[in-house]
Amino acid sequence: MTTQLKALIIGGGMAGPVTAMALRQAGIDSTVYEAYDRGADGVGAFLTLAVNGLSALHTLGLADLVRGKGFDTPSMVASMGDGRRLAEFSFGGALPDGTVNQTITRADLYGVLRDEAVRRGVPIEYGRRLVAAESTSDGVLARFADGSTARGDLLVGADGLHSVTRGIIDPNAPAPRYVPLLNAGGYAKGVELAAEPGVMYMFFGRRCFFSYVVRPDGEVWWFANPPQPTELSARELAAITPEQWRAKLSDLFAEDGFPAQRVIDATGEIFSGWNTYDFPKVPTWHRDRMIIIGDAAHATSPASGQGASMALEDAVTLAKCLRDLPDVPAAFAGYERLRRARVERVVARGKRNGDGKALGPVGRRLLPLIFKVVARAAGRQEWLYDHRIDWTEPVSVG
Ligand SMILES: Cc1cc2nc3c(=O)[nH]c(=O)nc-3n(C[C@H](O)[C@H](O)[C@H](O)COP(=O)(O)OP(=O)(O)OC[C@H]3O[C@@H](n4cnc5c(N)ncnc54)[C@H](O)[C@@H]3O)c2cc1C
């Protein structure tokens, strides 16, 4: 694009700051508007960043920063609750510089990306919650909860699962789909496990899914997904005390042969209280000069291990489209053409993985069979992990 653009980016989570850095690399200015104060960072959970997401970060010179905070997690081992091994998989091949799948706390990942965005000159404004936006003759006017406004040539909604931008673009946009699993986890110290550091161990327990990975220094990072058939409200979730969570998890794993109980006992603070959601399809991603990306457009169940990586690929792809295509509507259309089929395939895969965690006793008996099929499919995961975005290659129209 030849005209100088100014983008308003809503959301300072994962996609927002990375989009701002990608746009900057493409010669486009932006400001990030984040609803919360900076201090709201410390959400306890961790996530895995897949090689395809790390490759997207490489195009912006960000992968090494992230690697500095995370640790290598190249593979996983899945087992039944009684210890019977179901399968071993790799989380994709290494990048040319040896980078493999990383496990990192959300707080570290968000922090490192935001700090680097600021260091590169991206303005990030906190306490600015988008409540409305209008198309104008030459761009977009955003309105914030504090009564302030901002004008830009385009608006990127990177405002996550409960995106306000999504509803502004399409008032009939679907609500997120509830996936009947809760999320809890923690960091255990001083517990000895017969485990290889950097391998993610997953257990399909009798009543609950459990997973852990040992950091090179011996700390055990774990999470569990208790089944929860009906959606709990935020108030109901908040009312469950840490002691109740501990008791609930201990009870869920009481009959299993893997060391969940020991890991939970060695954990100081259990993080908990998230429902799981995804979006099978959000039909409308853009209107006029507004677009949604990341979880706002295609949240996937955490079971895909790809939500963050998809957000990072989105950020880089959108910046390339805005750099190379003749105008904003053409860039948005080009972006959707490049992204929709891929992200919907990832969401579908995440749903299947999540369904496996919520199986009842009968379904669980079929797990060895299911894993035989999955293991065959795992040899065909190139579409997922080998996806690479070449920053220098121009995006073509049509
Ligand atoms: C329990 C759990 C485990 C997960 N595990 C993994 C994993 O292992 N691997 C993986 O790849 N992904 C994982 N994910 C998914 C991953 O965290 C998300 O896909 C990723 O954070 C999406 O980035 P985003 O920028 O689109 O949204 P977010 O990171 O959610 O950021 C959205 C931002 O927008 C802000 N915001 C919201 N509304 C407004 C508004 N109106 N105005 C201004 N700002 C606003 C929010 O405060 C937030 O900072 C997991 C998610 C959960 C919940």
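Counting starts at 1 for both ligands and their atoms, following the listed order.
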**Request:** Pull out every atom of ligand 1 sitting under 4.0 Å from any heavy atom of Ala158, numbered as shown with elements.
**Result:** 32 (C), 33 (C), 34 (O)
**Prompt:** Backbone or side chain, does any N or O of Pro302 fall under 3.5 Å from an N or O of ligand 1?
**Reply:** no
**Fill in**
Counting from 1 in the order shown, the ligand 1 atoms closer than 4.0 Å to a non-hydrogen atom of Leu47 are 5 (N), 6 (C), 7 (C), 8 (O), 9 (N), 17 (O)
**Request:** Indicate whether any N or O donor in one side chain lies under 3.5 Å from an N or O acceptor in the other, for Asp256 and Gln261.
**Result:** no
**Item:** Any N/O pair Trp274/ligand 1 closer than 3.5 Å
**Value:** no
**Request:** Do me a favour and list the nearest non-hydrogen protein atom to atom 40 (C) of ligand 1 with residue, atom name and distance?
**Result:** Leu130 N, 3.7 Å
**Prompt:** Does any donor atom in the side chain of Asn183 or Thr276 lie under 3.5 Å from an acceptor atom in the other side chain?
**Reply:** yes
**Request:** Using side chain to side chain contact (heavy atoms under 4.5 Å, CB included) as the criterion, list what pairs up with Ala308, not counting sequence neighbours.
**Result:** Met14, Leu47, Leu49
**Prompt:** Which atoms of ligand 1 sit under 4.0 Å from any heavy atom of Tyr33?
**Reply:** 43 (C), 44 (N)
**Asked** So is Phe223 close enough to ligand 1, meaning a heavy atom under 4.0 angstrom away?
**Response** no
**Asked** Identify the closest protein heavy atom to atom 16 (C) of ligand 1: which residue and atom is it, and at what distance?
**Response** Ala308 N, 3.8 Å
**Any residue meeting side chain to side chain contact (heavy atoms under 4.5 Å, CB included) with Ser211, in chain and number order, not counting sequence neighbours** = Met200, Met202, Phe209, Phe223
**Prompt:** For ligand 1, is there an N or O atom under 3.5 Å from any N or O atom of Thr48?
**Reply:** yes
**Complete:** re atom 20 (C) of ligand 1, the protein heavy-atom contact at minimum distance is Met14 CE, 3.8 Å
**Message:** Suppose I only count heavy atoms of Val164 and a 4.0 Å limit; which atoms of ligand 1 are within that range?
**Reply:** 41 (N)
**Fill in**
Residue, atom and distance of the protein heavy atom nearest atom 48 (C) of ligand 1 read Glu34 OE1, 3.5 Å
**Request:** Mark up the atoms of ligand 1 that fall under 4.0 Å of a heavy atom belonging to Ser309, in ascending order.
**Result:** 11 (O)
**Prompt:** Which of parallel (below 30°), tilted (30 to 60°) and perpendicular (above 60°) describes Phe210 and Phe253?
**Reply:** perpendicular
**Prompt:** Starting from atom 19 (O) of ligand 1, which protein heavy atom do you reach first, and at what distance in Å?
**Reply:** Asp295 OD1, 2.7 Å
**Prompt:** So is Gly307 polar-close to ligand 1, meaning N/O to N/O under 3.5 Å?
**Reply:** yes
**Prompt:** Near Arg128, which atoms of ligand 1 are under 4.0 Å from a heavy atom of that residue?
**Reply:** 42 (N), 43 (C)
**Request:** Take every heavy atom of Gly305, measure it against each atom of ligand 1, and state whether any distance is under 4.0 Å.
**Result:** yes
**Prompt:** For ligand 1, which atoms, with element, lie under 4.0 Å from some heavy atom of Gly11?
**Reply:** 33 (C), 34 (O), 35 (C), 44 (N)
**Complete:** For Ile10, the ligand 1 atoms with a heavy-atom partner under 4.0 Å come out as 42 (N), 43 (C)
**Prompt:** More than 12 foreign heavy atoms under 6.0 Å from CD of Glu134: is that the case here?
**Reply:** yes
**Message:** Strictly below 4.0 Å, N to O, side chains only: are Arg128 and Glu34 in salt-bridge contact?
**Reply:** no
**Asked** Does a donor on one side chain sit under 3.5 Å from an acceptor on the other, for Glu219 and Trp221?
**Response** yes
**Request:** Please say whether more than 12 non-hydrogen atoms of neighbouring residues, nucleotides or ligands are located less than 6.0 Å from CD in Glu236.
**Result:** yes
**Fill in**
The answer for which part of Met310 has a heavy atom under 4.0 Å from ligand 1 is neither
**Asked** What residue and atom, counting heavy atoms only, is the protein's closest point to atom 17 (O) of ligand 1, and at what distance?
**Response** Arg106 NH1, 2.9 Å
**Asked** Of all the non-hydrogen atoms in the protein, which one sits nearest to atom 27 (O) of ligand 1, and at what distance?
**Response** Gly160 CA, 3.7 Å
**Message:** Can you report which non-hydrogen protein atom sits closest to atom 25 (O) of ligand 1, along with the distance?
**Reply:** Ala15 N, 2.7 Å
**Asked** Judged by modelled atom types alone, do Glu336 and His286 share a side-chain donor-acceptor pair under 3.5 Å?
**Response** yes
**Complete:** Residues Arg246 and Thr267: closest non-hydrogen pair is NH2-O, 2.9 Å
**Request:** Would you tell me whether Asp295 and His162 have side-chain atoms, one donor and one acceptor, within less than 3.5 Å of each other?
**Result:** no
**Message:** Between Val199 and Trp222, is there shared hydrophobic-cluster membership here, with clusters defined by ILVMFWY side-chain heavy atoms closer than 4.5 Å?
**Reply:** yes
**Plane angle bin for Phe46 and Phe271 - parallel if under 30°, tilted between 30 and 60°, otherwise perpendicular** = perpendicular
